[in-house]
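In what follows, residues are counted from 1 in the order of the sequence shown.
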Amino acid sequence: MPSLPIRLGVNVDHVATLRNARGGLLPDPVRAALLAIEAGADGITAHLREDRRHIRDTDMARLKREISKPLNFEMAVTDEMVGIALATKPHAVCLVPERRMELTTEGGLDVVGQQATLAPAIAKFNEAGIRASLFISPDPAQIEMAARLKAPVIEIHTGTWCDALAERNSRSDAEWLRVVEGAKLAHSLGLEVHAGHGLDYATAETIAALPQIMELNIGHFLMGEALFVGLAQAIGTMRAAMARGRAKAGQA
């Protein structure tokens, strides 16, 4: 398939985490979003959790109002969150599993097991013109169910692969193959394919070489790098890594 441009979505959750650690208004995640866009982000991702541990309702409203690029609203599939998303009208929602005690999203959504809950939510978003993305592991059964539920997008959970690489675990090659085959299957079923979780410069460059991947959503790593080099430089370096990877897709 031809190699198309790949987008970078920047997640600003952890700017809000730092703000909430002390209370008050600073640092402002909306300011971080505006700086990220100026530096080359194609969109902004924010996860409004049920316990409001980082992003708050007022942050989501301001992001929708103030940023010039698409807003990707990460959320659990609950009546409350579906209602807030429909009222906010972001460009997209990314439906994720959520547990109160987890530090971060620990795995992919069980689309097969939760299809009865997901189907009406996806239908509501489709009707409202909001693109619904399902955050799932690269498992064929999950991908096929996402297509049957008429979700236009999936986001492949790359955390297991990234963790295996970081740990120099022998599973890393097998996990990478799952990502590759999952992206191919999803594309063949007419799904737009995104990816995210645990990506850094090296892994983003690697996965950008897959022509089926249209968008990477990255947050924690970029915010950590920004502490040392600034947000604009971190995003610039990430974009360069993604461009190198995409060039390899074009050569292939």
Side-chain angles (χ1 to χ4, degrees), residues 1-9 11 42-43 45 47 72 74 77 92-98 104-115 117-119 121-122 125 131-167 169-221 241-242 245-246 248-250 252:
M1 62 177 289
S3 178
L4 299 173
I6 184 168
R7 301 185 297 269
L8 172 62
N11 186 312
D42 297 297
T45 294
H47 185 172
N72 179 30
E74 277 194 6
V77 192
V93 293
C94 186
L95 308 182
V96 303
E98 189 173 305
T104 185
T105 305
E106 294 175 345
L109 195 66
D110 180 10
V111 183
V112 174
Q114 298 180 41
Q115 56 184 289
T117 301
L118 289 165
I122 293 168
F125 291 129
R131 303 191 78 204
S133 173
L134 304 183
F135 185 69
I136 58 177
S137 298
D139 177 73
Q142 302 294 344
I143 294 167
E144 289 164 0
M145 182 57 70
R148 285 201 287 272
L149 293 178
K150 294 182 168 49
V153 183
I154 65 161
E155 181 168 332
I156 292 177
H157 181 286
T158 53
T160 306
W161 167 56
C162 292
D163 288 346
L165 278 176
E167 296 164 5
N169 193 300
S170 59
R171 296 192 332 269
S172 62
D173 287 346
E175 292 297 337
W176 171 243
L177 185 60
R178 290 181 70 217
V179 172
V180 172
E181 295 303 321
K184 289 179 180 177
L185 174 61
H187 179 76
S188 74
L189 294 172
L191 294 161
E192 183 172 310
V193 190
H194 302 174
H197 204 82
L199 296 171
D200 57 18
Y201 297 136
T203 49
E205 180 173 344
T206 298
I207 201 167
L210 299 182
Q212 299 86 5
I213 303 289
M214 300 305 298
E215 179 174 302
L216 301 181
N217 284 296
I218 305 173
H220 183 268
F221 174 78
M242 291 166 61
R246 208 46 152 200
K248 295 172 188 174

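- Here the side chains of Leu4 and Met214 are in contact, with some heavy-atom distance below 4.5 Å.
- The minimum heavy-atom distance between Leu199 and Ala195, with the atom names listed, is CD1-O, 4.3 Å.
- Residues His197 and Phe135 meet the side-chain proximity criterion, which asks for heavy atoms closer than 4.5 Å.
- Side-chain contact between Leu216 and Thr158 is absent, with no heavy atoms from C-beta onward closer than 4.5 Å.
- Heavy-atom minimum distance, Ala119 versus Leu149: CB-CD2, 3.9 Å.
- Residues Glu215 and Asp42 are not in side-chain contact: their nearest non-hydrogen atoms beyond the backbone lie 4.5 Å or more apart.
- Closest heavy-atom contact between Ala249 and Ala208: CB-O, 4.3 Å.
- Nearest heavy-atom pair across Gly182 and Pro138 is CA-CB, 4.3 Å.
- Inter-residue side-chain proximity for Val112 and Gln142 is flagged as met; some heavy-atom pair is nearer than 4.5 Å.
- In this structure, CD in Glu175 is found 5.5 Å from OG1 in Thr160, a value given to the nearest 0.5 Å.
- Taking the six-membered ring for Trp and thresholds of 30 and 60 degrees, Trp161 and Trp176 have ring planes inclined between 30 and 60 degrees apart.
- Between Glu155 and Ile136 the shortest side-chain heavy-atom distance does not fall below 4.5 Å.
- With rounding to the nearest 0.5 Å, the separation of CD1 in Ile207 from CD in Gln212 is 10.5 Å.
- One distance of note links CE of Met145 with CG of Leu118; it measures 10.0 Å at 0.5 Å rounding.
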If you apply the rule side-chain contact (heavy atoms from CB on, under 4.5 Å), what do you find for Lys248 with Glu205, and how did you get there? CA-CA 9 Å; Lys248 295 172 188 174; Glu205 180 173 344; 3.0 Å; yes
Would Glu144 and Leu189 count as a side-chain contact (heavy atoms from CB on, under 4.5 Å) if you check the C-alpha gap in whole Å, the side-chain angles of each, and the deciding distance to 0.1 Å? CA-CA 8 Å; Glu144 289 164 0; Leu189 294 172; 4.0 Å; yes
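- Side-chain N or O atoms of Arg246 include one that pairs as donor or acceptor with a backbone N or O of Leu210 at under 3.5 Å.
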Would you please test His47 and Val96 for side-chain contact (heavy atoms from CB on, under 4.5 Å) and show each step? CA-CA 9 Å; His47 185 172; Val96 303; 3.7 Å; yes
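- Although no hydrogens or angles enter the test, the distance criterion places no donor-acceptor pair under 3.5 Å between the side chain of Glu167 and the main chain of Ala164.
- Ion pairing between a basic and an acidic side chain is recognised when a charged N comes within 4.0 Å of a carboxylate O; Arg7 and Glu192 show such pairing.
- Looking at heavy atoms from C-beta onward, Ser137 lies in side-chain contact with Arg178 at the 4.5 angstrom threshold.
- Separating the CD1 atom in Ile213 from the NE2 atom in His187 is a distance of 11.0 Å, to the nearest 0.5 Å.
- Of all non-hydrogen atoms in Ile122 and Lys150, the two that sit nearest each other are CG2-O, 3.8 Å.
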Under the criterion side-chain hydrogen bond (donor to acceptor under 3.5 Å, both in side chains), I'd like the reasoning laid out for Asn72 against Thr45: C-alpha separation, chi angles, the key distance, then a yes or no. CA-CA 5 Å; Asn72 179 30; Thr45 294; 3.1 Å; yes
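- A 4.5 Å side-chain heavy-atom check between Leu191 and Pro152 finds every atom pair outside the cut-off.
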Audit row: Gln114, Val77, side-chain contact (heavy atoms from CB on, under 4.5 Å) steps and yes/no: CA-CA 10 Å; Gln114 298 180 41; Val77 192; 5.5 Å; no
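- Once rounded to the nearest 0.5 Å, the distance linking CD1 of Ile218 with CG of Asp200 reads 8.5 Å.
- Here the closest heavy-atom approach between residue Ser172 and residue Leu165 is recorded as CB-CD2, 3.8 Å.
- Atom CD1 of Ile154 is separated from atom NE2 of His157 by 13.0 Å, given to the nearest 0.5 angstrom.
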